[in-house]
Amino acid sequence: MVALTLPDGKVRNYPGPVTGADLARDIGPGLAKAALAIRVNGKVWDLSRPIAEDATVAIVTKKDDDATVYDIIRHDTAHILAEAVKELYPETQVTIGPNVEDGFYYDFARKEPFTPEDLVRIEERMREIVKRNEPLVREVWERNKAVAFFEAQGEKYKAEIIAGLPAGEDISVYRQGKFVDLCRGPHGPATGHVGQGFKLMKIAGAYWRGDSKNEMLQRVYGTAWRDEKELAAYLTRLEEAEKRDHRRLGREMDLFHFQEEAAGMPFWHPKGWTLYRILEDFIRARLKHSGYVEVHTPQLIDRSLWEQSGHWEKFGQNMYTTESEERVFALKPMNCPAHIQIYKQGIKSYRDLPLRMAEFGCCHRYEPSGALHGLMRVRAFTQDDAHIFCTEEQITPETKAFCELLLDVYKDFGFTDVHVKFSDRPKVRAGTDDVWDRAEGALKAAAEAASLKLMLNPGEGAFYGPKLEFVLRDAIGRDWQCGTLQVDFVLPERLGAQYTAEDGTRQRPVMLHRAILGSLERFTGVLIEHYAGRMPLWLAPVQAAVVTITSEGAAYAAEVAERLKAAGLRAVLDTGAEKITYKVREHSLAKVPAILAIGKREAAERTVSLRRLGSERQEVLALEEALARLGAEAQVGGQRLAAAAEQDFSGTRGAQIRAPKQTRERIDSETTNDDAHS
RNA sequence: GCCGGCGUAGCUCAGCUGGUAGAGCACCUGAUUUGUAAUCAGGUGGUCGGGGGUUCGAGUCCCUCCGCCGGCACCA
């Protein structure tokens with residue numbers, strides 16, 4: 001007897017093993033048709049797989065609001081992709097085809113790369129295969145049979161994968177039509193269940209087994225959804241994400257640019273640099289408040305120091321060098337060795353620790369050309385870098401304090417969804433197990449003390465110590481790794497840092513490498529995308545535009561602009577001859593958070609008509625009231641920031657706003673009252 | 001670095017099988033004094049990413065270098 005307990009608590013008894021398909025058919029024809037798979041004691045099984053023992057079961061259908069549905073649909077679609085490719089290009093070998101976020105891919109081995117036209121053909125064939133509604137049949141094969149089968153087919157990759165599977169594991173294959181693929185499953189009952197809500201997205205090269213020493217395969221990416229409507233929604237989502245691409249907004253909002261002569265190194269324009277400097281000044285103030293000292297170290301340092309630190313050996317190929325006076329200098333790729341040099345000046349006592357040394361040091365790294373990506377991956381960058389020299393006992397309190405500072409800073413920027421990856425000892429590492437035990441223990445305890453959600457990232461620590469990696473989630477759900485904290489026992493040793501302990505002995509300090517924003521360039525990019533360019537008031541390069549409706553208001557408008565600037569706000573004055581609708585549009589496209597319109601009435605009554613970006617509402621306020629309100633909002637405030645991030649984004653293009661002609665000169669010199677960059 | 005795609009005016013893009021470069025917006029000039037997302041008219045603007053080759057003739061074809069885009073690999 002097999003007793004199956006259904007989700008509603010009812011129990012069905014069978015004399016012997018039954019399949020999910022049998023059960024679904026017994027319950028009703030509708031369910032039988034809709035069934036995709038069956039959950040057996042929480043595990044998802046194929047409908048064709050016999051259930052031989054009592055179990056709690058639930059039929060999975062496409063309508064279920066459950067990630068499993070997508071897992072099945074996407075993996076089925078990957079098999080359909082492989083079948084289509086084998087039908088169209090029989091000489092192609094199949095390799096692996098896992099699911100990824102929002103879709104799947106399949107890697108193929110073939111001499112000729114796929115063309116975009118091939119992709120169209122393949123997708124057409126896939127749609128046919130779906131219509132054929134071929135049953136997907138699970139079979140368990142004996143290992144040698146499986147290897148022999150795939151070798152006979154010329155599928156050397158598949159044979160290699162099977163050979164690598166642990167002994168004793170069932171080798172399951174799935175058959176659909178003439179196509180047989182090694183696969184763990186589970187799958188839906190037939191290709192038709194996938195429906196037409198899928199699309200092939202792109203072709204790319206990918207190394208076999210992810211190793212650049214191996215041959216390159218052809219990877220086809222696809223996406224698959226429950227139906228065409230969901231697919232359409234997904235494609236719309238991609239388009240929306242594209243609109244907030246910081247590279248596009250950087251151009252549209254005149255923040256920065258890149259050019260061939262300095263690939264991977266941003267040219268910051270006045271507005272972009274204003275934003276950058278706000279971040280830098282903000283962090284500088286926070287660090288100062290948290291007991292850090294700031295230093296500045298040379299851009300060029302003789303290679304001997306990099307040899308000593310070990311960087312030359314590991315990363316020499318990725319360092320820019322220059323020769324002078326028969327010596328080789330490297331542009332610094334990081335600040336830490338230089339900070340140790342400062343630490344080593346004079347004798348340090350345990351009383352000097354912890355010593356928190358910060359530097360906004362510009363670093364250069366020769367990143368591989370294919371890695372460059374706007375501000376997110378550059379060759380010249382500045383971190384909000386600091387090194388905390390401390391004793392082992394101080395690791396925990398210092399880490400805790402750092403985590404608190406970091407979360408607080410993130411909150412100010414509007415990021416409240418943060419998770420932390422904890423990367424522990426890698427296989428190849430320096431330091432004894434005892435030291436690692438202590439370092440990992442201290443780091444973990446501190447992270448937990450700071451109430452962080454920890455995700456384990458086993459074996460991914462630096463060779464010198466464990467690390468925390470702080471990942472924040474942006475307004476549209478994308479994750480960005482920004483902050484980091486690494487415990488380092490190695491560099492102080494290599495570069496000879498010491499302190500005198502209470503007992504008079506010489507000891508090695510521990511070094512905590514840490515950054516909150518990471519690279520300022522990258523964080524600026526993240527912020528632009530998070531806010532879709534609509535920065536909250538305190539971050540907006542131009543915070544307010546004072547615009548006249550008619551020239552009668554010009555003198556008063558100039559006064560309003562002056563008052564805003566006197567209140568510390570970055571304001572522009574637009575007294576051009578265009579219509580108010582034109583000015584509102586232009587300044588809105590430029591994503592200026594506040595537009596203060598001045599007409600005859602406002603001038604007479606000493607008021608302003610305030611319009612906020614993203615809203616059509618206008619509010620007539622006394623000038624003093626508007627000043628007070630904007631001034632208050634320009635202060636850092638977490639809640640306001642979060643609210644600003646949620647403002648919906650409407651697409652724009654070509655917002656290269658400049659001052660209208662009559663006032664051009666005046667405005668250009670008054671874009672900002674922040675003299676820091678002049 | 002590897003695989004694929006792409007590179008035409010400041011931006012977005014058109015330019016069929018090779019016949020000597022075009023639109024919209026932007027910009028400039030003039031007119032318009034306007035009440036909350038585009039006022040009208042006229043005008044300027046490109047050695048078609050760089051170099052080389054094939055051809056009577058190359059934006060269109062070939063080679064090569066550079067850059068960008070999408071992945072992969074890398075990321076101290």
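First the proteins, then the strands, lettered A, B, ... as listed; each starts at 1. Predicted, not measured: the structure shown is a model, and the values here were computed from it.
Using a 4.0 Å heavy-atom criterion, one finds that A:Lys314 contacts no nucleic acid atom at all. Within 4.0 Å of A:Gly310, counting heavy atoms only, lies no atom of the nucleic acid at all. Counting any heavy atom pair closer than 4.0 Å across all strands shown, A:Lys600 reaches a base atom. Note on A:Asn318: a base of the nucleic acid sits closer than 4.0 angstrom, heavy atoms only.
The side chain of A:Ala371 lies closest to B:A73 when the candidates are B:A73, B:G35, B:U39. Closest to the A:Ala263 side chain, of the nucleotides B:C68, B:A38, B:U36, is B:C68. Looking at the side chain of A:Tyr582, the nearest of the listed nucleotides B:A38, B:A76, B:U36 is B:A38. Residue A:Thr550 has its side chain nearest to B:U33 when only B:C3, B:G7, B:U33 are considered. Checked against B:U36, B:A76, B:A73, the side chain of A:Pro368 finds its nearest nucleotide in B:A73. With B:C3, B:U36, B:U39 as the choices, the nucleotide that has an atom nearest any side-chain atom of A:Gln218 turns out to be B:C3. In the set B:U39, B:A73, B:C75, the nucleotide with an atom closest to the side chain of A:Tyr207 is B:A73. Checked against B:G71, B:C2, B:A37, the side chain of A:Ala204 finds its nearest nucleotide in B:G71. The listed nucleotides are B:G71, B:C74, B:G35; the one nearest the side chain of A:Met216 is B:G71. Set against B:A37, B:G7, B:C2, the side chain of A:Glu260 has B:G7 as its closest nucleotide.
When both distances must be under 3.5 Å, the Watson-Crick or G-U wobble mate of B:U47 does not exist. B:C16: no Watson-Crick or G-U partner with both key distances under 3.5 Å is found in any strand. With both pairing distances under 3.5 Å, B:C75 is matched to nothing as a Watson-Crick or G-U wobble pair. Both distances falling under 3.5 Å, in either a Watson-Crick or a G-U wobble arrangement, place B:A41 opposite B:U29. Shown here, B:G7 forms a base pair with B:C66; the pair counts as Watson-Crick or G-U wobble because both key distances fall under 3.5 Å. Nucleotide B:U60 forms a pair with no other nucleotide shown, judged by Watson-Crick or G-U wobble geometry with both contacts under 3.5 Å.
The separation of B:G1 from B:U44, taken at their C1' atoms, amounts to 44 Å, rounded to a whole angstrom. Taking the P atom of each, B:G45 and B:U60 are spaced 24 Å apart, rounded to whole Å. Separating the C1' atom of B:A58 from that of B:A21 is a span of 13 Å, rounded to the nearest Å. Comparing the same atom, P, in B:C48 and in B:U20 gives a spacing of 15 Å after rounding to whole Å. The gap from the P atom of B:U47 to that of B:U8 amounts to 13 Å, rounded to the nearest Å. Between B:C16 and B:G49, the distance separating the two P atoms is 15 Å to the nearest Å. Using atom P as the reference point in both B:U33 and B:C40, the two lie 15 Å apart (nearest Å). Atom name P, nucleotides B:A9 and B:A23: the rounded distance is 14 Å, in whole Å.
Each of A:Pro116 and A:Gln486 has a nearest nucleotide on RNA chain B; the 5'-most of these lies closest to A:Pro116. Along RNA chain B, the nucleotide nearest A:Arg365 and the nucleotide nearest A:Leu217 are compared for position; the residue whose nucleotide lies closer to the 5' end is A:Leu217.
Side-chain atoms of A:Ser551 and base atoms of B:U33 include a donor and an acceptor less than 3.5 Å apart. Residue A:Arg377 places a side-chain atom within donor-acceptor reach of the base of B:C75, judged by atom type and a 3.5 Å distance cut-off alone. Judged by distance alone with a 3.5 Å cut-off, no donor-acceptor contact links the side chain of A:Tyr366 to the base of B:G1. Side-chain atoms of A:Glu602 and base atoms of B:G35 include a donor and an acceptor less than 3.5 Å apart. One cannot find a donor-acceptor pair under 3.5 Å joining the base of B:A73 and the side-chain atoms of A:Arg209.
Using a 4.0 Å cut-off, some side-chain N or O of A:Arg251 falls inside it from OP1 or OP2 of B:U12. OP1 or OP2 of B:U39 sits under 4.0 Å from a side-chain N or O of A:Thr581. Considering only side-chain N and O atoms, A:Tyr221 lies under 4.0 angstrom from the phosphate OP1 or OP2 of B:C72. Applying the 4.0 Å criterion to OP1 and OP2 of B:G1, one finds that A:Ser212 has every side-chain N and O outside that range. Between B:G70 and A:His373, a contact under 4.0 Å exists linking OP1 or OP2 to a side-chain N or O. In terms of phosphate contacts, A:Arg611 brings a side-chain nitrogen or oxygen within less than 4.0 Å of OP1 or OP2 of B:A37. In this structure, A:Arg247 reaches the B:C69 phosphate: one of its side-chain N or O atoms is under 4.0 Å from OP1 or OP2.
For the pair A:Gln481 CD and B:A76 C1', the interatomic distance rounds to 13 Å; values are reported in whole Å. Computed from coordinates, the A:Met201 CE to B:C69 P distance equals 18 Å when rounded to whole Å. With rounding to whole Å, A:Lys579 atom NZ is found 11 Å from B:U33 atom C1'. As rounded to whole Å, 21 Å separates atom P of B:G71 from atom CG of A:Asp211. Atom-to-atom, CD1 of A:Ile549 to C1' of B:U33 comes out at 11 Å; the value is rounded to the nearest Å. Rounded to an integer number of Å, the gap from CG of A:Leu589 to P of B:A37 is 11 Å. Nucleotide B:G50 holds its C1' atom 15 Å from the CD atom of A:Gln259, rounded to whole Å. Remark: P of B:A76 and CD1 of A:Ile301 are 19 Å apart, rounded to the nearest angstrom.
Stacking is found between A:Phe315 and the pyrimidine-like six-membered ring of the B:A76 base under the 5.5 Å centre-distance and 30° plane-angle cut-offs.
A distance of 9.0 Å separates CZ of A:Arg494 from NE2 of A:His311, quoted to the nearest 0.5 Å.
Aromatic ring centroids of A:Phe267 and A:His257 lie under 6.0 Å apart. Under the 6.0 Å cut-off for aromatic ring centres, A:Tyr531 and A:His246 do not qualify, their centroids lying 6.0 Å or more apart.
A cation-pi arrangement is absent between A:Arg365 and A:Phe381, since the terminal nitrogen or guanidinium carbon is not both under 6.0 Å from the aromatic centre and inside a 45° cone about the axis. For the pair A:Arg606 and A:Tyr556, the cation does not sit on the ring face, since its NZ or CZ is not both under 6.0 Å from the ring centre and inside 45° of the axis. Judged by a 6.0 Å distance limit and a 45° cone about the ring axis, A:Arg514 is not positioned over the six-membered ring of A:Phe402.
A:Glu240 and A:Arg237 are not joined by a salt bridge, as no carboxylate oxygen comes within less than 4.0 angstrom of a charged side-chain nitrogen. A salt bridge is absent between A:Lys243 and A:Glu239: the closest approach of a Lys/Arg side-chain nitrogen to an acidic carboxylate oxygen does not fall below 4.0 angstrom.
At a cut-off of 3.5 Å, with distance as the only test, a side-chain donor of A:Glu359 or A:Thr297 sits close to an acceptor on the other residue. If you check the side chains of A:Glu215 and A:Tyr157, you find a donor sitting under 3.5 Å from an acceptor.
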